[in-house]
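Remarks on the structure that follows.
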Amino acid sequence: MRITTWNINSVRLRIGLALKLLDQSRPDVLCLQETKCPDEQFPFEAFRDIGYKYIAVNGMKAYNGVALISRVPFESELALDWTERSDCRHISGVFPGDIEIHNFYVPAGGDEPDIERNDKFAHKLDFMSEMTDWFSSNRKKSDKVVLVGDLNIAPLESDVWSHKQLIKVVSHTPIETLSLTRLQETLNWIDTTRLIHPEPKKLYSWWSYRARDWSTSDKGRRLDHIWVTPPLKSYIGEAYILREARGWEKPSDHVPVTTKLDLD
DNA sequence: ATGGTGGATGCTCCA
């Protein structure tokens with residue numbers, strides 16, 4: 001089972017790139033974030049026409065939005081609200097083999113890493129805390145669960161272009177990386193990308209639109225993650241980040257991240 | 001220290 005997560009930054013604007021991605025890598029499940037699309041305007045037909053017939057969406061006008069796009073049937077679709085907001089940041093489903101996939105778009109957190117002065121930063125930390133409580137209370141380490149998405153946190157020194165220069169920048173501050181560690185501890189989650197590509201290898205999945213030359217300056221961060229619970233660890237086959245997608249025409253600022261589980 | 005770009009929307013918000 002090949003699983004890809006991608007913050008597409010508008011599914012309608014980039015439907016062509018989504019089809020190109022599916023055509024070239026044929027994942028079983030594509031998990032999108034920032035679809036920025038009300039459910040009734042989601043381009044279902046374009047995906048179904050190339051064999052991705054099973055689709056679940058949780059979208060809204062202008063902001064956020066997530067989707068599960070699959071070649072294989074799934075059930076128990078669930079879209080939860082977090083921090084008492086209906087802002088379309090989660091969707092999940094149960095796939096063949098009794099594997100549950102949770103797709104998240106964690107709030108970015110604004111510019112200032114101070115919960116007193118920045119409500120968005122407080123919201124981000126509250127969101128992480130609520131995710132941690134939810135998985136602690138509702139799932140077990142022995143369950144087969146996959147957690148993917150744009151978590152908007154680059155936890156390790158080798159997940160950013162400069163640990164020193166980003167230590168006070170939202171996405172890489174100690175309080176955020178600690179919140180991610182707390183979440184990781186709930187079910188002993190395994191970071192599949194890092195399992196295959198250990199530190200100190202630099203890994204990025206996002207490069208700002210604001211750079212003059214994203215590739216040459218290469219000031220990236222690894223914000224997009226695929227985690228699995230312990231029962232799935234032995235199945236992790238390949239894991240890769242499609243850096244070249246940042247160079248596609250009219251790209252998203254994030255690139256697709258993929259993990260293959262070699263199930264029996 | 002600052003501003004740089006991009007998407008959706010509708011004269012601004014968010015990343």
Side-chain angles (χ1 to χ4, degrees), chain A residues 5-21 31-43 46 57-67 81-83 85-90 103-115 117-128 148-155 159-162 164-173 175-177 179-180 204-225 243-257:
Chain A
T5 180
W6 189 23
N7 179 322
I8 193 170
N9 189 16
S10 173
V11 68
R12 284 174 290 176
L13 186 70
R14 272 178 262 286
I15 183 64
L17 294 187
L19 298 178
K20 171 188 176 129
L21 170 71
C31 306
L32 295 178
Q33 305 87 36
E34 282 209 89
T35 53
K36 296 185 174 178
C37 181
D39 292 349
E40 63 273 17
Q41 291 176 31
F42 194 90
V57 295
N58 180 19
M60 60 187 279
K61 183 176 170 180
Y63 303 110
N64 313 328
V66 289
D81 286 339
W82 303 80
T83 62
R85 301 186 197 202
S86 301
D87 56 358
C88 304
R89 295 178 180 275
H90 170 264
N103 175 16
F104 282 95
Y105 175 50
V106 172
D111 287 331
E112 197 170 3
D114 181 337
I115 59 171
R117 298 166 51 159
N118 175 6
D119 289 343
K120 292 178 187 173
F121 194 69
H123 177 221
K124 182 180 196 172
L125 294 178
D126 288 345
F127 195 101
M128 292 298 299
V148 312
D150 176 3
L151 306 184
N152 265 313
I153 297 174
D159 290 333
V160 293
W161 65 275
S162 168
K164 194 173 175 181
Q165 290 182 74
L166 290 173
I167 193 72
K168 293 180 178 173
V169 173
V170 171
S171 73
H172 191 62
T173 64
I175 192 168
E176 290 169 272
T177 57
S179 76
L180 200 71
Y204 312 138
S205 65
W206 172 90
W207 293 260
S208 173
Y209 281 126
R210 296 173 188 176
R212 284 189 200 89
D213 183 335
W214 72 273
S215 186
T216 302
S217 58
D218 202 22
K219 293 182 174 178
R221 305 176 202 172
R222 188 172 70 106
L223 304 177
D224 303 275
H225 302 267
R243 180 185 170 103
E244 67 180 58
R246 187 63 177 79
W248 289 348
E249 192 174 346
K250 295 268 274 172
S252 169
D253 44 355
H254 296 252
V255 300
V257 176

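In what follows, every chain begins at residue 1, and chains take the letters A, B, ... in the order their sequences are listed. Keep in mind that what you see is a predicted model, and the values were worked out from it rather than measured.
Proximity note for A:Ala108 (side chain, C-beta onward) versus B:dA15, B:dG7, B:dT9: the nearest is B:dA15. Among the nucleotides B:dA15, B:dT9, B:dG7, the one closest to any side-chain atom of A:Lys36 is B:dG7. With B:dC14, B:dA8, B:dT9 as the candidates, the nucleotide lying closest to the side chain of A:Ser10 is B:dA8. Between B:dC14, B:dT9, B:dA15, one nucleotide has an atom nearer to the side chain of A:Lys61 than all others, and that is B:dT9.
Between the CH2 atom of A:Trp6 and the P atom of B:dA15 there is a distance of 20 Å, given to the nearest Å. Straight-line distance from the CD1 atom of A:Ile153 to the C1' atom of B:dA15: 15 Å, rounded to whole Å. One atom, CG of A:Leu17, and another, C1' of B:dG6, lie 14 Å apart when rounded to the nearest Å. If you measure from atom CZ of A:Arg12 to atom C1' of B:dG6, you get 16 Å, rounded to the nearest angstrom. In this structure, the CE atom of A:Met60 is 11 Å from the C1' atom of B:dC14, given to the nearest Å. The distance between atom CH2 of A:Trp214 and atom C1' of B:dG6, rounded to the nearest whole Å, is 16 Å. Between the NE2 atom of A:His254 and the P atom of B:dA15 there is a distance of 11 Å, rounded to whole Å. Here B:dG7 presents its C1' atom at 16 Å from CD of A:Gln33, a figure rounded to the nearest Å.
At least one donor-acceptor pair closer than 3.5 Å links the side chain of A:Arg12 to the backbone N or O of A:Lys36.
Both A:Trp206 and A:Tyr209 sit near DNA chain B, but only A:Tyr209 has its closest nucleotide nearer the 5' end. Annotation: of the two residues near DNA chain B, A:Leu13 and A:Pro107, the 5′-most nearest-nucleotide partner is A:Leu13.
In this structure, A:His90 and A:Trp82 have perpendicular ring planes: the angle between them is above 60°, well past the 30° mark.
Only the P atoms considered, B:dC13 is 16 Å distant from B:dT9, to the nearest whole Å. Here the separation of B:dG7 from B:dG3, taken at their P atoms, is 22 Å to the nearest Å. The separation of B:dG6 from B:dG10, taken at their P atoms, amounts to 22 Å, rounded to a whole angstrom. As rounded to the nearest Å, B:dG4 and B:dA15 have C1' atoms that lie 13 Å from one another.
Looking at every heavy atom in both residues, A:Lys124 comes nearest to A:Val170 through NZ-CG1, 3.9 Å.
With contacts defined as side-chain heavy-atom distances shorter than 4.5 Å, the pair A:Leu125/A:Ile115 qualifies.
Applying the 3.5 Å distance criterion, the base of B:dA15 shares a donor-acceptor pair with the side chain of A:Arg210.
Taking 4.0 Å as the cut-off between side-chain N and carboxylate O, A:Arg243 and A:Asp218 count as a salt-bridged pair.
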